[in-house]
2 protein chains.
Amino acid sequence: MYLALKRSDRMTPIKELTQSLRIPFHFAAKILQRLARKGLLVSLKGRAGGFGLGVAPTEITLFHIVEAIDGVEFTRRCVLGLPACSVENPCALHETWREERDRIYKMLVRKSVAEMAREMKNSLHGLAATKDKDFDGYQTNHS
Amino acid sequence: MYLALKRSDRMTPIKELTQSLRIPFHFAAKILQRLARKGLLVSLKGRAGGFGLGVAPTEITLFHIVEAIDGVEFTRRCVLGLPACSVENPCALHETWREERDRIYKMLVRKSVAEMAREMKNSLHGLAATKDKDFDGYQTNHS
DNA sequence: CTAATTTAGGATAAAAGAGTCCGATTATCA
DNA sequence: TGATAATCGGACTCTTTTATCCTAAATTAG
Ligand code: FES
Ligand code: FES
């Protein structure tokens, strides 16, 4: 979302992002790296390096992000943990759960980063996580 | 579900349950114990001991079980992990997620163990978990 | 070419979770 | 009253997840 709200003609270094959002450097680095490997972001090393969007923010959906970070196995898995989920051998919740699961899937596919960024424009700093970790500005040490 | 399908005039020992369902003894024991502490089941030590339902199977809902096993924090938590979830300070997904979250909540509250047991009556043995663990019948050792 | 900057990614550490084991406790029966 | 059959709950182990750190590689400025 932060990257989506930035002008895209140059790269954004991790340090800028983490200081603005007040989140830990290495934490953000791993996430950005992961999204870049999936092609959602592009990265560039060196002097003017950093991260930028790999595709238009209207094209990046929550589904893509969940897929890159947590995986989307849940769309196929039995909610009770049975080895297979199928209509042939349904568990006690199969029909009920399938309905909710489909709704969530559709929601993930529908929500784009562009849309979300628009909605959070005014409160992006609220992204600071639940626990108050140290962020770059006051970080104890880094060369 | 297994207990709901049994006549309730005497207790069911863990061993009987785990052999019928082909699941590991200690695994089931911990779960049963946990449900008993919450009052969903009753337990009795000694000779004719075992577990039984603590309340009518029509009164035990999925919500009660999730509450006892995994917790139901998710009904209050921000899906993006912000420290608080509220309409005053909503995240980019607040409205969208609230809707799904409510549906899932209602589903959990609606589904009773009685209903589920009825539906799985014929395939309860399918409860054997994803990975094929050893179960009591062939377990390597226990006094 | 060299120094500075910045990401890449493997290694390590820390934390959480799942599953197992075992001694203690409780109840029943002969 | 002693032997036996059970659960109870803490300790322990194993695996997975999360977070951090560190060195290498890439890029650019001078
Ligand atoms: S079989 Fe359980 S959700 Fe489909
Ligand atoms: S504020 Fe994020 S779900 Fe309510």
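In what follows, chains are A, B, ... by sequence order, proteins preceding strands, each numbered from 1.
One finds no side-chain N or O of B:R34 lying less than 4.0 angstrom from the OP1 or OP2 phosphate oxygen of D:dG9. A sub-4.0 Å separation between OP1 or OP2 of C:dT6 and a side-chain N or O of A:S43 is absent. Residue B:R47 places none of its side-chain N or O atoms closer than 4.0 Å to OP1 or OP2 of D:dA3.
Here the straight-line distance linking atom OG1 of A:T12 with atom CG of A:L17 works out to 7.0 Å at 0.5 Å rounding. Residue A:H94 holds its NE2 atom at 10.5 Å from CG of A:L82, rounded to the nearest 0.5 Å.
Closest-nucleotide positions on DNA chain C for A:A48 and A:R37 were compared, and the one nearer the 5' end corresponds to A:A48.
Distances were taken from every side-chain heavy atom of A:F51 (C-beta onward) to each of D:dA6, C:dA8, D:dA19; the shortest belongs to C:dA8. With distances taken from any side-chain atom of B:Q33 to the nucleotides C:dT6, D:dC21, D:dC8, the minimum falls on D:dC8. In this structure, of C:dA8, D:dT20, D:dA6, it is D:dA6 that holds the atom nearest to the side chain of B:K45.
Summarising the geometry, the separation between CG on B:L44 and C1' on C:dC29 is reported as 14 Å, rounded to the nearest angstrom. Regarding B:I69, its CD1 atom lies at a distance of 12 Å from the C1' atom of C:dA18, rounded to whole Å. Counting to the nearest Å, the P atom of C:dA8 and the CG atom of A:L35 are 11 Å from each other. In this structure, CZ of B:F25 is placed 11 Å from P of D:dC8, rounded to the nearest angstrom. The NE2 atom of A:H26 sits 17 Å away from the P atom of C:dT12 (whole-angstrom rounding). If you take NZ of A:K15 and C1' of C:dT7, they are 13 Å apart, rounded to a whole angstrom. D:dG10 atom P lies 9 Å from atom NZ of B:K30, rounded to whole Å. Rounding to whole angstrom units, CZ of residue A:R10 and C1' of C:dT5 are separated by 16 Å.
The pair A:R110-A:E115 does not meet the salt-bridge criterion, since no charged nitrogen lies less than 4.0 angstrom from a carboxylate oxygen. With respect to B:K106 and B:D102, no salt bridge is recorded, no charged nitrogen being found less than 4.0 Å from a carboxylate O.
B:M120 is listed as a side-chain neighbour of A:C91, based on a closest heavy-atom distance under 4.5 Å.
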